[in-house]
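Notes follow the structure.
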Number of protein chains: 2
Amino acid sequence: MQRDTQQKEAIRLTFIRAGRPLSIDEILSYARRQVAGLGIATVYRNIKSLQEEKFIQPVDLPGQTTRWEIAPGGHHHHFLCRTCDKLYEIHGCPEDLSRLVPEGYTLEEHDILLRGLCKNCSRKNNTRER
Amino acid sequence: MQRDTQQKEAIRLTFIRAGRPLSIDEILSYARRQVAGLGIATVYRNIKSLQEEKFIQPVDLPGQTTRWEIAPGGHHHHFLCRTCDKLYEIHGCPEDLSRLVPEGYTLEEHDILLRGLCKNCSRKNNTRER
DNA sequence: GTCGTTGCAAAGCGTTTGCAGCCTA
DNA sequence: TAGGCTGCAAACGCTTTGCAACGAC
């Protein structure tokens with residue numbers, strides 16, 4: 001039978017408070033504010049367990065370590081800020097993806113990652129330039 | 001001064017013959033047909049060197065190891081076959097990406113990965129179903 | 001008190017680096 | 001022949017696993 005530990009609860013809370021996908025390091029450092037000696041192995045184990053419970057799901061990004069977000073998100077994509085490295089959920093899809101696929105190929109899924117500056121970093125950038 | 005070794009030449013040839021992005025394992029096993037004792041460290045070193053020469057460039061995929069393709073490809077995206085795991089280059093972009101970005105965000109780049117069945121695997125799949 | 005969970009340390013795994021010997025120029 | 005390159009093995013960084021102690025129920 002599964003137990004409710006401080007560690008797991010702290011990690012769950014971290015996701016709820018963050019409101020955006022988190023990396024392992026983000027989870028570790030945020031959750032440590034609540035459970036001081038929290039070990040990285042415990043984070044990995046609870047991430048796995050929370051995924052099995054379908055509380056969170058993985059977000060695989062090109063050239064980056066996996067991030068984790070509260071599930072179910074429904075179908076959506078992400079925006080990665082090149083300055084603060086934070087990841088944000090975005091909604092909607094391009095409508096003309098199937099025309100990109102060559103003759104004979106069967107399109108089943110698509111991953112889209114938009115990159116640039118988030119709201120916060122866009123503002124800072126504008127302020128600096130003035 | 002840089003030397004032309006059998007190993008490096010074999011790797012270069014492997015890319016030319018393949019005509020699609022390759023993983024480290026693909027490069028190692030294909031190039032070994034030409035240079036038997038080829039070591040994995042040599043592959044990594046030559047990949048780096050070929051990248052510096054701008055003969056190849058990395059292709060980062062979500063949840064997969066980096067693949068490598070002949071450069072310059074210009075701006076393009078990829079199609080990953082879920083059956084044979086081969087990666088193909090595709091051309092063109094969706095036209096309405098900027099409408100996906102929330103107010104205040106600055107869109108600079110985008111990565112798109114299409115997934116499904118390549119031509120070969122689509123055909124096999126149809127044949128089997130009949 | 002039981003036994004699932006934790007933190008530590010060691011093991012895995014893909015990638016990188018150190019080094020002695022090889023081979024290109 | 002010099003010294004860049006190779007293959008091997010060890011080192012690395014991130015993730016997973018083994019284990020004794022801890023703590024939820």
Side-chain angles (χ1 to χ4, degrees), chain A residues 1-15 21-69 71 80 85-87, chain B residues 1-15 18 21-69 71 80 85-87 113:
Chain A
M1 181 210 172
Q2 200 156 299
R3 289 173 188 177
D4 250 329
T5 63
Q6 290 180 58
Q7 289 84 347
K8 189 169 190 173
E9 191 49 31
I11 292 171
R12 216 186 316 248
L13 240 175
T14 298
F15 277 105
L22 299 174
S23 66
I24 294 290
D25 287 346
E26 285 175 321
I27 298 164
L28 182 64
S29 66
Y30 293 156
R32 263 188 181 161
R33 294 178 192 166
Q34 202 174 325
V35 180
L38 180 62
I40 183 109
T42 301
V43 172
Y44 278 108
R45 277 185 286 233
N46 276 306
I47 285 300
K48 196 170 193 177
S49 156
L50 289 169
Q51 183 185 11
E52 282 162 5
E53 296 170 20
K54 300 206 191 308
F55 176 73
I56 58 171
Q57 62 191 16
V59 183
D60 288 329
L61 301 177
Q64 303 246 341
T65 58
T66 301
R67 316 240 175 157
W68 299 84
E69 66 186 1
L80 180 65
D85 205 45
K86 285 180 181 162
L87 189 69
Chain B
M1 181 212 172
Q2 200 156 300
R3 290 176 186 175
D4 251 329
T5 62
Q6 289 181 58
Q7 289 85 346
K8 188 168 191 174
E9 191 49 31
I11 292 171
R12 214 186 318 246
L13 240 176
T14 298
F15 277 105
L22 299 174
S23 66
I24 294 290
D25 287 346
E26 285 175 321
I27 298 163
L28 181 64
S29 67
Y30 293 156
R32 263 189 181 159
R33 294 179 192 164
Q34 202 174 326
V35 180
L38 180 61
I40 185 110
T42 301
V43 172
Y44 278 108
R45 279 186 285 234
N46 276 305
I47 286 300
K48 196 170 193 177
S49 155
L50 289 168
Q51 185 187 9
E52 282 161 5
E53 296 170 21
K54 300 206 192 307
F55 177 72
I56 58 172
Q57 62 191 15
V59 183
D60 288 330
L61 301 177
Q64 302 246 340
T65 58
T66 301
R67 316 239 177 159
W68 299 86
E69 66 185 2
L80 180 64
D85 204 46
K86 285 179 182 162
L87 189 69
L113 178 65

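A note on names: the letters A, B, ... follow the listed sequences, proteins ahead of strands, and every chain is numbered from 1. Since this is a predicted model, take the numbers as computed values, not measurements.
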Practice task
First locate atom CG of B:L28, then atom CZ of B:R33, and finally report the distance between them rounded to the nearest 0.5 Å.
Solution key: 11.0 Å
Completion exercise
Separation of D:dG7 atom P from B:N46 atom CG, nearest Å, is 9 Å
Handout entry: For atom CZ of A:R32 and atom C1' of C:dG7, their distance in whole Å
Key = 10 Å
Practice task
For A:L38, report the nucleic acid contact type (base, sugar-phosphate, nothing); a contact means any heavy atom under 4.0 Å.
Solution key: sugar-phosphate
Problem - Whole-Å distance separating the CD atom of A:E53 from the P atom of C:dG4 - result: 16 Å
Fill in the blank from the handout: Exactly one of A:I27, A:I24, A:V59, A:D60 clears side chain to side chain contact (heavy atoms under 4.5 Å, CB included) with A:R67, and that residue is A:V59
Problem - Between C:dG14 (P) and B:E26 (CD): distance, integer Å - result: 15 Å
Exercise for the section: Measure the distance from CD on A:E52 to P on D:dT16 and round it to the nearest whole Å. Expected result: 12 Å
Handout entry: Closest to the B:R3 side chain, choosing from D:dG3, D:dG7, C:dT17
Key = D:dG3
Exercise for the section: Could you tell me whether the phosphate oxygens of C:dT24, OP1 or OP2, come under 4.0 Å of any side-chain nitrogen or oxygen in B:Q6? Expected result: yes
Fill in the blank from the handout: Between B:Q2 and A:G37, whichever has its closest DNA chain C nucleotide further toward 5' is A:G37
Problem - Intermediate values then yes/no, side-chain contact (heavy atoms from CB on, under 4.5 Å), A:L87 and A:E69 - result: CA-CA 10 Å; A:L87 189 69; A:E69 66 186 1; 5.9 Å; no
Fill in the blank from the handout: When rounded to whole Å, the CG to P distance for the pair A:D4 and C:dT6 reads 10 Å
Exercise for the section: Would you state whether a donor and an acceptor, one from the side chain of A:R45 and one from the base of D:dG18, lie under 3.5 Å apart? Expected result: yes
Problem - Atom pair distance, as rounded to whole Å: CE in A:M1 and P in D:dA24 - result: 13 Å
Exercise for the section: Respond yes when some side-chain nitrogen or oxygen of A:T5 is under 4.0 Å from OP1 or OP2 of D:dG23, and no when none is. Expected result: no
Practice task
Please name the residue in the list A:I47, A:L22, A:I11, A:L50 that meets the side chain to side chain contact (heavy atoms under 4.5 Å, CB included) test with A:W68.
Solution key: A:I47
Practice task
Please determine, for the side chain of B:A41, which listed nucleotide (C:dT24, D:dA9, D:dT6) has the closest atom?
Solution key: D:dA9
Exercise for the section: Step by step, work out the side-chain contact (heavy atoms from CB on, under 4.5 Å) result for A:D4 and A:R12. Expected result: CA-CA 11 Å; A:D4 250 329; A:R12 216 186 316 248; 3.3 Å; yes
Exercise for the section: Considering just the side-chain nitrogens and oxygens of B:T65, establish if one lies under 4.0 Å of OP1 or OP2 belonging to C:dG14. Expected result: no
Practice task
Taking only the side-chain nitrogens and oxygens of B:Q7, find out if one of them lies under 4.0 Å from OP1 or OP2 of D:dG7.
Solution key: yes
Handout entry: Whole-Å distance separating the CZ atom of B:R67 from the P atom of C:dG14
Key = 14 Å
